[in-house]
A.B. asks: 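Starting off with a structure, shown below.
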Protein chains: 2
Amino acid sequence: MAKCEQCIVKQLNSLKTLTKSELLRISACKTSQFVKKGDVIFDEGEHLNGVFCISSGICKVSKMSSNGREQIIHLVNKGSILGERSLVNDEVANLKATAISDMEVCFIPREEIISDLKKNPDFTMSLLKDMASSLKNADNTIVDMAQKTVKQRLAEMLLNLEASFGYNSDHVLDIHLSREDIANIIGTATESAIRLLSEFKKDNVITLKGKNISIIDIPKLKKIAQGF
Amino acid sequence: MAKCEQCIVKQLNSLKTLTKSELLRISACKTSQFVKKGDVIFDEGEHLNGVFCISSGICKVSKMSSNGREQIIHLVNKGSILGERSLVNDEVANLKATAISDMEVCFIPREEIISDLKKNPDFTMSLLKDMASSLKNADNTIVDMAQKTVKQRLAEMLLNLEASFGYNSDHVLDIHLSREDIANIIGTATESAIRLLSEFKKDNVITLKGKNISIIDIPKLKKIAQGF
DNA sequence: TTAAAAATATGATAATTATCAGTTTTTGAG
DNA sequence: CTCAAAAACTGATAATTATCATATTTTTAA
């Protein structure tokens, strides 16, 4: 099994503040698993008992609305940690995590991380900064959801995908989302998302081949996102 | 000037984990000010250099969207602290705080709180829990904004006002919001908010006299909030 | 390989929400 | 108290978005 000291996850977030001996201890007790596309990593209401490190793959983090529709809160790439929040306040999960590609995920039991929280102030502080940053993003998302049109939100989402996941060798966005997932990110009906994507394609803002999306006119997309 | 040890703010949040001597130190260096209804406490982009404790009154925390409309992210009652996030990550304010009633606010300089963050792990942990809780609320708000109709959101907002601010002696909600503020909380046009409030009144869900709102049929309001 | 299922796409229409225009009511400064 | 400004309200209409129906394409599993 891979060691935490070399893991990509360790380089990209709060875990980077852990000492070598702390990492060794965690490495010894972690479990690793492969998750297939579509599989649920954890669901709303579950007791997590630890955090998940994403070594490879992408998952969506979502929540059911009382209307019975899924809202995707964010997409999580390799190198990230899931479940920190449930760890901190010891509540059941408020969100659901589902693989949207095949993934490799490590699980670190609650007690191990908690012990670091208590002993390593740098780690706590780093976690605090991560949360502050997440909170800022969440506030900005609230503003967008409340004030922007579906078209603006779609444009913005495409720009975010580019920033977070980049392109593969063919200048195709390195993430494959179903039209339904796209709709559930921007909070609209699947048909509306499809229509707007077609419109963007017709207007030469993007190209579309199935789930392969390329952005070809970033300035235009930015203008659309701001309401022009 | 009032002392921090007896302040209501101290009893309701992370500050409660501070020791007596820490509170005394803060008490000595804090400044206190009266803020009139409508006054801005801080604006987006400002460097805060400290946190604000609300001894009395209510303020709104909002952000301008690129469409030029204000979105109110939350309402903050006495006993709360503002600006913790800018403190943690040392960034300029992402949000604007405006008094919606006359207020009394204390300001604690950044260095004083930072010193507690570094020395008192209970305080850091408490702040972490607060942030985790805020983040959960923010995620739920995103779902509501993205998936619920304006009518559902208005119903939910009224229920939230009741939970957060309660009633005065005449069974009137203990917060006075303009119709524009109500619209900016639920993310709609002022006229739409007015129309829906009138509809709720006609349907005997609430009573309305100017800014005095009473909820008279909570079960019905809950049903509306869930889409029935 | 092929049939069934799922996903994508498109049209027609309904429902929701925003915008504009104008009126009435309330508020607050002098 | 008075009057001008702001806020609240109402109607008409336009724009956006959802829903339903159905066709086409893609994917999946046997």
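Sequence lines set the chain letters: A, B, ... in the order given, protein chains first and strands last, and positions in each chain run from 1. The shown structure was predicted, so the numbers you read here are calculated from the model rather than taken from an experiment.
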A.B. asks: Between Thr188(B) and Lys37(B), who's closer to the 5' end of DNA chain C by nearest nucleotide?
C.D. replies: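 Per heavy-atom nearest nucleotide, the more 5' residue is Thr188(B).
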A.B. asks: Decide yes or no for His176(A) and Ser101(A): does some side-chain heavy atom of the first lie under 4.5 Å from some side-chain heavy atom of the second?
C.D. replies: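 They are not in contact (no side-chain heavy atoms under 4.5 Å apart), so the answer is no.
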A.B. asks: I'd like to know if Asp139(B) pairs up with Arg85(A) as an ion pair, taking the criterion as any Lys NZ or Arg NE/NH1/NH2 lying under 4.0 Å from an Asp or Glu carboxylate oxygen.
C.D. replies: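 Yes.
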A.B. asks: Let me know the distance between CD of Glu180(B) and P of dA7(D), rounded to the nearest Å.
C.D. replies: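 Going from Glu180(B) (CD) to dA7(D) (P), I get 7 Å.
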A.B. asks: Over all heavy atoms of both residues, which pair between Glu199(A) and Lys151(A) is shortest? Give the atoms and the distance, please.
C.D. replies: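 Taking every non-hydrogen atom into account, OE2-NZ, 2.8 Å.
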A.B. asks: With the threshold set at under 4.0 Å for non-hydrogen atoms, list the residues of residues 191-209 of chain A touching DNA chain D in residue-number order.
C.D. replies: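 Glu191(A), Ser192(A), Arg195(A) - these, ordered by number, are the residues of the stretch whose heavy atoms sit under 4.0 Å from the strand.
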A.B. asks: Search all heavy atoms of Ala155(A) against all heavy atoms of Ala225(A) and return the closest pair with its distance.
C.D. replies: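 Taking Ala155(A) first and Ala225(A) second, the nearest heavy atoms are CB-N, 3.8 Å.
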A.B. asks: NA contact type, Arg69(B), heavy-atom cut-off 4.0 Å: base, sugar-phosphate, or nothing?
C.D. replies: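 It contacts sugar-phosphate atoms only.
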A.B. asks: Going 5' to 3' along DNA chain C, which are the first and last nucleotides with any atom under 4.0 Å from a heavy atom of chain B?
C.D. replies: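 In short, chain B contacts DNA chain C from dT17(C) to dC20(C).
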A.B. asks: Heavy atoms, side chains only, cut-off 4.5 Å: are Leu48(A) and Leu82(A) in contact?
C.D. replies: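 Answer no - side chains too far apart.
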A.B. asks: Do you know the tightest heavy-atom contact between Ile186(A) and Met145(A)?
C.D. replies: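 Smallest interatomic distance, heavy atoms only, reads O-SD, 3.9 Å.
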A.B. asks: Is Lys136(B) salt-bridged to Glu91(A), cutoff N-O under 4.0 Å?
C.D. replies: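 Answer for the salt bridge query: yes.
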A.B. asks: Taking only side-chain nitrogens and oxygens of Lys211(B), does any of them come within less than 4.0 Å of OP1 or OP2 of dA8(D)?
C.D. replies: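 For dA8(D), OP1/OP2 do have a side-chain N/O of Lys211(B) under 4.0 Å.
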A.B. asks: Can you find a heavy atom in the side chain of Tyr167(B) that is under 4.5 Å from one in the side chain of Leu173(B)?
C.D. replies: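 Touching, per the 4.5 Å side-chain cut-off.
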